[in-house]
A.B. asks: 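Handing you a structure now.
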Number of protein chains: 2
Amino acid sequence: MEKVNNATEKEALIREQVEKIGVFLEQQAKASAITPLAGRLFAFLILSDPPYQNFYDITEFLQASKSSISTALKALEQSGLVDYFTFSGDRKRYFRVNTKKWLEVEQMRLQQATIALGLAQDILEFRKDSKHQDFNEGVEKVVEFYEYITLGMQDLLEKWKSEQKSTK
Amino acid sequence: MEKVNNATEKEALIREQVEKIGVFLEQQAKASAITPLAGRLFAFLILSDPPYQNFYDITEFLQASKSSISTALKALEQSGLVDYFTFSGDRKRYFRVNTKKWLEVEQMRLQQATIALGLAQDILEFRKDSKHQDFNEGVEKVVEFYEYITLGMQDLLEKWKSEQKSTK
DNA sequence: CTTTTGGTTTTGCTATTAACGAACCAAACT
DNA sequence: AGTTTGGTTCGTTAATAGCAAAACCAAAAG
C-alpha cells in the first residue's frame, strides 16, 4: 500500500519532468520559427545593394505574394532583425536588416546552453538516489560539460562586450 | 547592353547566395528534427530508473502506439542518442540514452557557429564594393563577433577535452 | 470626395508532418 | 508445423505550416 503510493507518486514526478524536458527539446528544434520565405527575405536584404529595399522590390525579387511578404516582414520585425525607415516625400517604407539587433540575437542564442545546463542539473538531482551510478556518472559528465561551456561562454561574451566599448 | 548584362549577372549571383543563406536559416530552425514524441521518449529514458526500458514499458508510459514508438526510437538511434542492449536469455531489447553520444552531439552543436561565420564572411566579401560602407561595418561587426566566438569556443572545447583525458 | 498607392488582415487552400492502425515479419517457443 | 513475442513497415488520417487571393484600410494625390 505504501509502496504503491510511492510508485505512483514517483511516476507523477517523472511525468512532470518528462513534460518539461520534452517541451524544451521540442522548442529547441523550432527555435527561431523562421519560415523558408522569411529566410530568403533576410538573405535578400543582407545581400542587396543598397541594403534597403521597398515592398515592391521584395515581391519582385522573391516572386512571392504581397500577403506572404507582409507576413514574413512582420515576423522579422518582431524579432527585431529587420526594421524600416522612410525617405521624406516618399510614402514607401524601406526595409533593412538591423545589424545591431542581429548581433544581439546571436548573443542571445548562445545563452541557450544555460537553460540546457539547468535541465541537466535537474535530471542529475532527480536521479541521485538511483543505484545505477555508472549511468549517473554519464549524466554528470554532461552537466560538467554544460557548466564548463556556459561559464566559458559567459566569459567570452563579457570580454567581447567590454572590448567593443573600449574600441568604440 | 553591357550594363544590362552586369545587372542580370549580379542578380543571378544574389539568387545563388540567397538560396544558400536561406537554406541555412531554414535548416537552423529545424536543427535536430526531433518530434514531440521523440523528445518525451528521450526525457523518459534519461529519467527512468533503471535507465533502460523495454519497448512495452515505453509504450505504456508514453501511451503511444507501437508504430510511433518504433519510429521515434529509430530516429533517436540514428542520431546516436539512444541505443539498446539485451540480457542473454531475454529476447526484449532494452533501450537507453547513450550519454557519451549525447555529449558528442552537444559538442557538435556548438560548432554550428563556424558555419554561420563562413556565411557572414561570404556576405561581407559579396558586399565589399558597395558604397554603403556604414552598413558593411555593421556586417563586419557580426563577422568579428562570430570569429571571436568560434575561436573562443574551439579553445574551450579543446581545453575541456584535454582536461577529460588527464583526469581519466 | 474619389482614386491611387502601399501595404495589412482575413480567409482559404495545399503540402508537410506527427502519430496511428493494421498488416507484416523473423525469431523463439510449443 | 503452428503460435506467441517483439518489434517494423506501410498506408491513412488529423493537425499544422506556409503561402496566396481577395477584401480591406489609411494616407496621400488628383
Side-chain angles (χ1 to χ4, degrees), chain A residues 18-19 21-45 52-79 82-96, chain B residues 18-19 22-45 52-79 81-96:
Chain A
V18 163
E19 198 56 27
I21 298 172
V23 167
F24 171 74
L25 292 174
E26 203 179 328
Q27 293 310 92
Q28 175 128 304
K30 304 199 171 176
S32 44
I34 204 168
T35 71
L37 183 61
R40 295 203 309 273
L41 172 50
F42 180 85
F44 173 54
L45 289 178
Y52 44 83
Q53 302 282 325
N54 64 42
F55 200 93
Y56 178 76
D57 291 336
I58 295 171
T59 61
E60 274 301 292
F61 184 88
L62 293 178
Q63 293 293 354
S65 70
K66 289 206 294 172
S67 59
S68 304
I69 297 297
S70 178
T71 307
L73 276 173
K74 193 163 66 173
L76 289 172
E77 280 170 48
Q78 265 158 7
S79 76
V82 165
D83 57 17
Y84 64 85
F85 62 91
T86 52
F87 292 108
S88 59
D90 179 354
R91 194 139 74 89
K92 293 197 255 321
R93 291 178 197 165
Y94 288 81
F95 300 92
R96 73 184 155 192
Chain B
V18 163
E19 197 58 26
V23 167
F24 171 73
L25 292 174
E26 203 179 329
Q27 293 311 91
Q28 174 128 304
K30 305 199 173 178
S32 42
I34 204 168
T35 71
L37 183 61
R40 295 201 311 271
L41 172 50
F42 180 85
F44 173 54
L45 289 179
Y52 44 84
Q53 301 282 325
N54 64 42
F55 200 93
Y56 178 76
D57 292 335
I58 296 171
T59 60
E60 274 301 293
F61 184 89
L62 294 178
Q63 293 293 354
S65 69
K66 288 205 295 173
S67 57
S68 305
I69 298 296
S70 177
T71 307
L73 276 173
K74 193 163 66 174
L76 288 172
E77 280 170 46
Q78 265 157 7
S79 75
L81 284 176
V82 165
D83 57 16
Y84 64 86
F85 63 91
T86 53
F87 292 107
S88 61
D90 180 353
R91 194 140 75 88
K92 293 198 253 322
R93 293 177 196 166
Y94 288 82
F95 300 93
R96 71 183 158 193

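Every chain is numbered from 1, with letters handed out A, B, ... down the list of sequences.
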A.B. asks: Expressed in angstrom and rounded to an integer, what is the separation of B:I34 atom CD1 from C:dA19 atom P?
C.D. replies: 11 Å

A.B. asks: Can you tell me the distance, in whole Å, between the NZ atom of A:K66 and the P atom of C:dT11?
C.D. replies: 18 Å

A.B. asks: Quickly work out the B:I69 CD1 to C:dG21 P distance and round it to whole Å.
C.D. replies: 12 Å

A.B. asks: What integer distance in Å separates B:R40:CZ from C:dA18:C1'?
C.D. replies: 11 Å

A.B. asks: Grab the CG-C1' distance between A:L73 and C:dG6 for me, whole Å please.
C.D. replies: 12 Å

A.B. asks: Counting neighbours of CZ on A:F55 that are heavy atoms of other residues, nucleotides or ligands and sit closer than 6.0 Å, is the number greater than 12?
C.D. replies: yes

A.B. asks: At what distance, to the nearest 0.5 angstrom, does CD1 of A:I58 lie from OG of A:S70?
C.D. replies: 10.5 Å

A.B. asks: Within the structure, does a side-chain N or O atom of B:S70 lie under 4.0 Å from either OP1 or OP2 of D:dT8?
C.D. replies: yes

A.B. asks: Which residue, B:L76, B:I34, B:L81, forms the side-chain contact (heavy atoms from CB on, under 4.5 Å) with B:L41?
C.D. replies: B:L76

A.B. asks: With a 4.5 Å heavy-atom cut-off, do A:I21 and A:L25 have their side chains touching?
C.D. replies: yes

A.B. asks: Taking the side chain as every heavy atom from C-beta outward, state whether A:D83 and A:E77 have any atom pair closer than 4.5 Å.
C.D. replies: no

A.B. asks: Reading DNA chain D from 5' onward, which residue's closest nucleotide shows up sooner: A:L37 or A:R91?
C.D. replies: A:L37

A.B. asks: Compare side-chain N and O positions of A:T35 against OP1 and OP2 of D:dC19 and report whether any pair is under 4.0 Å apart.
C.D. replies: yes

A.B. asks: Does the plane of the ring in A:F61 sit parallel, tilted or perpendicular to the ring in A:F44? Use 30° and 60° as the thresholds.
C.D. replies: parallel

A.B. asks: Measure from CG on B:D90 to P on D:dG6 and round the result to the nearest Å.
C.D. replies: 8 Å

A.B. asks: Return the value, rounded to whole Å, for the distance between atom CZ of B:R93 and atom P of C:dA28.
C.D. replies: 12 Å

A.B. asks: Using a cut-off of less than 4.0 Å, is there contact between a side-chain N or O of A:S67 and OP1 or OP2 of D:dC19?
C.D. replies: no

A.B. asks: Heavy-atom contacts under 4.0 Å between residues 58-65 of chain A and DNA chain C, which residues?
C.D. replies: none

A.B. asks: Using atom NZ of A:K74 as one end and atom C1' of D:dA17 as the other, report the distance to the nearest whole Å.
C.D. replies: 15 Å

A.B. asks: Would you compute the distance between atom CD1 of B:I69 and atom OH of B:Y56 and round it to the nearest 0.5 angstrom?
C.D. replies: 13.0 Å

A.B. asks: At how many degrees, to 10°, do the end axes of the helix from C:dC1-D:dG30 to C:dT30-D:dA1 meet when each uses five pairs?
C.D. replies: 10°

